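Structure first, commentary second.
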Amino acid sequence: KNIYIPNKYWKNILLPLVISIHTFTKRGVSLSNNIICLIEEAKLGHYVVKKNKEGSLIYGVRSDKTKIVFKQNISKSLLYREIKGYKRYKEAGFIAPEIGLKSIAEMHFLQISYIEGKSLKRNVCFKEILNLLTVLSRKTMVVRNGVRKCLSHGDLACWNIVMRRSDKTLVLLDWEFSNMRCIGYDIVFYFINHAVVFDGKISHETLNDSKYYYGQLLSALQLGEDEYMFQECLRSILCFYDENGRGNDKMLLERCLAC
């Protein structure tokens with residue numbers, strides 16, 4: 001149902017309530033550090049508050065139908081990293097939402113302009129995703145200590161990719177794990193991440209698919225396939241799981257690699 005919320009109730013009662021909400025994935029992993037709500041900058045006026053079908057997204061709609069995302073994260077450093085990732089992505093010539101950092105009720109939020117569209121489903125528009133990653137790699141590629149690196153999203157998955165309604169353009173969202181990583185990291189992570197979430201396991205077929213499209217990416221960049229760098233992508237993914245408390249995912253990947 002739609003609820004009309006006056007300013008005085010939103011700031012003092014409902015905003016803390018929204019932030020305290022815990023959402024869970026199918027695997028039961030808490031996403032409480034990534035609560036999303038959409039509100040109007042810092043003015044906090046009248047809103048129509050709605051939930052999406054999954055109940056995990058709460059947002060406010062202004063009278064002019066425009067929306068702004070406010071995303072809270074426990075780590076302020078991740079907010080700054082996400083801002084930096086969005087800026088690099090936009091500087092490379094891609095469509096990205098406008099971003100900024102706001103403080104409301106002594107809490108820090110990442111302000112992101114809303115992208116009208118739908119998140120992708122598994123294996124949908126994969127050719128377009130591969131083309132996007134190829135262009136991103138080409139435009140941001142650097143050589144550091146003899147190793148080719150490029151801007152990496154860091155947590156690429158279908159739910160972090162939105163097809164913009166107006167022109168069907170793909171837009172990558174949620175850049176808090178972005179960094180400069182070895183070429184092909186995102187495409188390898190994409191397959192492994194989906195296997196973990198949707199299948200609950202990582203098979204040799206998953207690794208073979210990721211390696212094949214890793215090779216396709218390098219071929220499009222006119223680079224020779226590099227087995228060492230593919231293994232480096234896998235090692236980086238293991239480190240990512242370890243650093244972000246995803247022990248079960250790390251165990252699934254290690255078990256597959258050991259076989």
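Note that the coordinates shown come from a computational prediction; the quantities given were computed from them, not determined experimentally.
- For Tyr213, the ring pair (Phe, Tyr, Trp, His ring centres under 6.0 Å) test picks out Phe126, Phe191, with sequence neighbours left out.
- For the side-chain hydrogen bond (donor to acceptor under 3.5 Å, both in side chains) test, residues two or more places apart in sequence or in another chain that qualify with Ser203 are Thr206.
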Worked check of side-chain contact (heavy atoms from CB on, under 4.5 Å) between Met229 and Ile183: CA-CA 8 Å; Met229 291 309 299; Ile183 301 291; over 6 Å; no

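- Taking CD1 of Ile161 as the reference point, atom CD of Glu128 lies at 10.5 Å (rounded to 0.5 Å).
- For Thr169, the side chain to side chain contact (heavy atoms under 4.5 Å, CB included) criterion is met by Ile95, Arg164, Asp167, not counting sequence neighbours.
- Scanning all heavy atoms of the two residues, the minimum distance from Leu156 to Asn193 falls at O-ND2, 3.6 Å.
- For residues 133-149, no pair satisfies side chain to side chain donor-acceptor pair (under 3.5 Å), with sequence neighbours left out.
- Asn208 places a side-chain N or O within 3.5 Å of a backbone atom of His204 that can act as its donor or acceptor partner.
- Not a single ring pair (Phe, Tyr, Trp, His ring centres under 6.0 Å) links Tyr212 to another residue, sequence neighbours left out.
- Contact record, Cys233 with Cys182: SG-SG, 3.5 Å, taken as the closest heavy-atom pair.
- The distance from the NZ atom of Lys250 to the CZ atom of Arg246 is 13.0 Å, given to the nearest 0.5 Å.
- Cation-pi check for Arg235 over Tyr228 is met; the charged atom lies under 6.0 angstrom from the ring centroid and within 45 degrees of its normal.
- Under a hydrophobic clustering in which Ile, Leu, Val, Met, Phe, Trp and Tyr are joined whenever their side-chain heavy atoms come within less than 4.5 Å, directly or via other members, Leu257 and Tyr241 fall into the same cluster.
- Residues Gly184 and Leu217 share a closest heavy-atom pair of CA-CD2, 3.5 Å.
- Partners of Arg165 according to the side chain to side chain contact (heavy atoms under 4.5 Å, CB included) rule, which considers only residues two or more places apart in sequence or in another chain, are Glu116.
- Remark: Ser210 engages no residue in a side-chain hydrogen bond (donor to acceptor under 3.5 Å, both in side chains) (not counting sequence neighbours).
- With Glu176 contributing its side chain and Glu82 its backbone, the two residues share no donor-acceptor pair below 3.5 Å.
- Distance alone, capped at 3.5 Å, places no donor-acceptor pair between the His153 side chain and the Gly85 backbone.
- Applying the salt bridge (Lys or Arg N to Asp or Glu O under 4.0 Å) rule to Arg255 yields no partners; only residues at least two apart in sequence or on another chain are considered.
- For residues 199-219, the salt bridge (charged side-chain N to carboxylate O under 4.0 Å, His left out) pairs, not counting sequence neighbours, are Arg122-Asp199, Lys211-Glu227.
- Nearest heavy atom pair, residue Trp175 against residue Leu136, reads CH2-CD2, 4.2 Å.
- Criterion: ILVMFWY side-chain heavy atoms under 4.5 Å apart, direct or through other members. Under it, Val124 and Ile129 are not part of a common hydrophobic cluster.
- In this structure, the side chains of Ile192 and Leu207 come closer than 4.5 Å at one or more pairs of heavy atoms.
- Listed by first and then second residue, the salt bridge (charged side-chain N to carboxylate O under 4.0 Å, His left out) pairs that reach into residues 87-98 are Lys90-Glu98, sequence neighbours excluded.
- Partners of Tyr214 according to the ring pair (Phe, Tyr, Trp, His ring centres under 6.0 Å) rule, which considers only residues two or more places apart in sequence or in another chain, are Phe230.
- Under a 3.5 Å cut-off, the side chain of Ser219 and the backbone N or O of Gly215 do not form any donor-acceptor pair.
- A donor-acceptor pair under 3.5 Å is formed between the side chain of Tyr86 and the backbone N or O of Asp174.
- Here Asp186 contributes atom CG and Leu130 contributes atom CG; the two are 11.5 Å apart, rounded to the nearest 0.5 Å.
- Cluster membership for Val142 and Leu151, using ILVMFWY side-chain heavy atoms within less than 4.5 angstrom, is shared.
- In this view, Tyr185 and Phe189 satisfy the ring pair (Phe, Tyr, Trp, His ring centres under 6.0 Å) rule, not counting sequence neighbours.
- Annotation: the span from Trp159 atom CH2 to Leu120 atom CG amounts to 11.5 Å, rounded to 0.5 Å.
- Pairing each heavy atom of Cys125 with each of Met163, the nearest pair is SG-CE, 3.4 Å.
- The main-chain N or O of Asp155 is found under 3.5 Å from a side-chain atom of Asn160 such that the two form a donor-acceptor pair.
- The line from SG of Cys150 to CE of Met180 is 6.5 Å long, rounded to the nearest 0.5 Å.
- Closest approach of Leu172 to Tyr89, counting heavy atoms only: N-OH, 3.4 Å.
- Rounding to the nearest 0.5 Å gives a distance of 11.0 Å between CG of Asn131 and CD of Gln216.
- Aromatic ring pairs are classed by plane angle as parallel below 30°, tilted from 30° to 60° and perpendicular above 60°; the pair Phe177 and Phe240 is perpendicular.
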